Amino acid sequence: MSRRHWDLPWEDYLATLKPHERPVLPGSPATPDHTTPWRLAYAFVGVLVALTGSLGNAAVTADLPQLAGALGVTTTEAAWLPVVFVMTNACMNLLLVKFRMQYGLRLFTEIILVVFLATAAAHLFLEDYGSTLVVRGVAGMAAAGMSTLGILYIIQAFPAQHRLKGIIIGVGLSSLAIPLARLGVMRLLDLDQWRAFYMFELGLVLVALPAVFALRMPPSQRVRVFETLDFVTFALFAPGVALLTAVLGLGRIVWWTEAAWIGWALAGAIVLLTAAVLIEYNRTNPLIDLKWLAGRDLVRLLLAILLVRIVLSEQTTGAVGFLQQMGLVPQQMQGLFLVMLIATAAGTLVSAFTLDPMKLWKPISIALVMIAVGAFIDSHATVLTRPTQLYFSQALLAFAAAFFIGPTMILGFGKVLQGGGKNLISFIVLFSIGQNVGGLMGSALVGTIQTLREKFHSSQLSESIGLGDPETVLRLQQLGGAYAHVIGDAAQRQGAALRLLQQQVSQQAQVLAYNDVFLLISGAAAIGAAWVALNHYRPKLEARRAARQAQTQASDATASVAPAAD
């Protein structure tokens, strides 16, 4: 396909395309048969754009305590930084998809890249907490467009018969960001703290920007899609999701019943989202088709996405949090992060190259089984557990995290195409909110349960320790003996031994609490795997049952006719 045709008017250009080269939906680029060098170029730019858009937030999430220290803020204040990013990221696709449809892919690309460049550059000059919050919010909006742009470039790298593989690889690239950030950011922080990372991120943008402008995407069809009520819905939906995100992201940190603003924010989210639902439900041409989303298959898909995202918090919040509680620092977990990175890449590739469009629920069930097994292994942790003991279990979880994402997106796109493409925005919103809100929900749930169980175990262990118990007295003597050479006073030595014993009790309570969380996640994942498998095989079982009933009825009819003939 000659690239000279790209400057033709749309209808003339469309006439030059073969059926498999035409765009599936308005706003999506055509997919002409590129030569191998062009495919490799598109693949390189796609990977570059996707990682550029996701590494910034991954670094903030992975190294939040260090960023809090650099900004001079508390841990609670720092927790707002990734939450603000998710607030804007979860909602922007609501408008970006329609913007791409109406104004074209090129303008969409230019705006997204310029905004992202401005965001990356702003980090170098705005180093106070308030400015950083604003920059992270803008970065969330830009990253929503960058992830889409990366996927579209990756799709161009694959021929028509392998295009679904391109979608899975494009979607899976975002999963590589967290382990990459954990491996690389610490080395950058050693150079010049967070300024070194911001310079690295700006460098990525400065490489991606000319690469995208030099390697144009094929043209796309433009149609008029925006309506006035779209902006009314967005004005209600976006702050509603933002408030819900704030509740889920900060609730376990400030504690649900201790901060009054949690209740007010949750009430505001309910009111705003309900108003948006009422407007959309009664529209002739809704921005979000709630009736379509309420279909049984879509509800099942949303529940599956939420379930997987929640149980995957065992890795992001559970295992890493457990090791931090045991006193390990990120430098001591580099081997574990490398294992996660390799397993994530393997999960993406295996998902892409074993894809069966007729069995898209199967990878989701397999991923849940792997999560159940990995979490069950982790539920036997002790105070002596170190990263090497978690390599296998965390590899299972990292593989599962990448293995399930692509098939879920393709399942949804299949439903969109069956409806003629009009519900694309509705599905993108469902997928984006399921991923973002599901991740926050999982972290909130895991953190809350861990805190409650730690209090319970700490109380139980403290009650079982009595100063009159010979074993306790012996233990205190052993602990006090460690201070014999530095503390001469017996009373002070006894006090130091008591404090050390309390620390050990607290640490043991933390271990037991994390084990409870891991076991609960394992059970939830196992139940989820059985539910997904049942929904997958139920139509086949019902068809077989109906065939047996029809055969029985036919046999009975034959038997009843035979005596009458005699």
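Note that the structure is a prediction, hence the values are computed from the model and not measured. Numbering starts at 1 and runs along the sequence shown.
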Within-4.5 Å side-chain heavy-atom neighbours: Arg136 and Val83: no

Ser174 (side chain) donor-acceptor with Val171 (main chain) under 3.5 angstrom: yes

Val60 side chain reached by Phe85 side chain, heavy atoms, under 4.5 Å: no

Ser220 (side chain) donor-acceptor with Pro29 (main chain) under 3.5 angstrom: no

side-chain hydrogen bond (donor to acceptor under 3.5 Å, both in side chains) involving Ser131 - partner list, sequence neighbours excluded: Asp128

Exercise: identify the closest heavy-atom pair between Ala79 and Leu250: CB-CD1, 3.8 Å

Where Gly137 and Thr88 come nearest, the two heavy atoms and their spacing: O-OG1, 2.7 Å

Of all pairs that satisfy salt bridge (Lys or Arg N to Asp or Glu O under 4.0 Å), the ones with a partner from residues 81-102, not counting sequence neighbours: Lys98-Asp230

Minimum heavy-atom distance between Val205 and Leu117, given as atom pair plus value: CG1-CA, 3.6 Å

Donor-acceptor contact present, side-chain Gln394 to main-chain Ala319, <3.5 Å: no

Worked check of side-chain contact (heavy atoms from CB on, under 4.5 Å) between Trp80 and Met87: CA-CA 10 Å; Trp80 277 99; Met87 280 181 180; 3.7 Å; yes

Leu236 versus Ala275, closest heavy-atom pair with distance: CD1-CB, 3.9 Å

Spacing of Leu307 atom CG and Ile364 atom CD1 [to the nearest 0.5 Å]: 10.0 Å

Test side-chain contact (heavy atoms from CB on, under 4.5 Å) applied to Leu248 and Val86, step by step: CA-CA 11 Å; Leu248 293 175; Val86 175; over 6 Å; no

Derivation and outcome, side-chain contact (heavy atoms from CB on, under 4.5 Å), residues Ile371 and Val308: CA-CA 9 Å; Ile371 295 169; Val308 176; 4.3 Å; yes

From CZ (Arg222) to CD (Gln102), nearest 0.5 Å: 9.5 Å

Validation row: Pro363, Phe404 side chains within 4.5 angstrom (heavy atoms): no

Glu258 and Val254, any side-chain heavy atoms less than 4.5 Å apart: no

Summary of side chain to side chain donor-acceptor pair (under 3.5 Å) pairs that have at least one residue in residues 259-281, sequence neighbours excluded: Thr233-Glu280, Glu280-Arg283

Sequence-distant partners of Ala160, side-chain contact (heavy atoms from CB on, under 4.5 Å), two or more places apart: His20, Arg163

Contact list for residues 139-158, test side chain to side chain donor-acceptor pair (under 3.5 Å), sequence neighbours left out: His34-Gln156

Heavy-atom pair with the smallest gap, counting every atom of Val49 and Ala208: CG2-CB, 4.5 Å

Spacing of CG belonging to Leu440 relative to CD1 belonging to Ile310, to within rounding of 0.5 Å: 11.0 Å

Pairwise distance OG1(Thr451) to CH2(Trp255) - rounded to 0.5 angstrom: 5.0 Å

Derivation and outcome, side-chain contact (heavy atoms from CB on, under 4.5 Å), residues Gln450 and Arg252: CA-CA 10 Å; Gln450 189 274 332; Arg252 69 184 177 91; over 6 Å; no

Gap separating the CZ atom of Phe116 from the CG atom of Leu209, nearest 0.5 angstrom: 11.5 Å

Phe158 ring center within less than 6.0 Å of Tyr42 ring center: no

Residue pair Phe213 / Thr109, side-chain heavy-atom distance below 4.5 Å: no

Side chain to side chain, Thr31 and Pro218, heavy atoms closer than 4.5 Å: no

Which atom of Leu173 lies closest to which atom of Ala50, heavy atoms considered: CD1-CB, 3.8 Å

Thr74: partners by side-chain contact (heavy atoms from CB on, under 4.5 Å), with sequence neighbours left out: Thr76, Glu77

Side-chain heavy-atom pair Ile168, Ile410 within 4.5 angstrom cut-off: yes

Sub-4.5 Å side-chain heavy-atom contact between Leu243 and Leu266: no

Spatial distance of atom CZ (Phe353) from atom OG1 (Thr348) [nearest 0.5 Å]: 11.0 Å

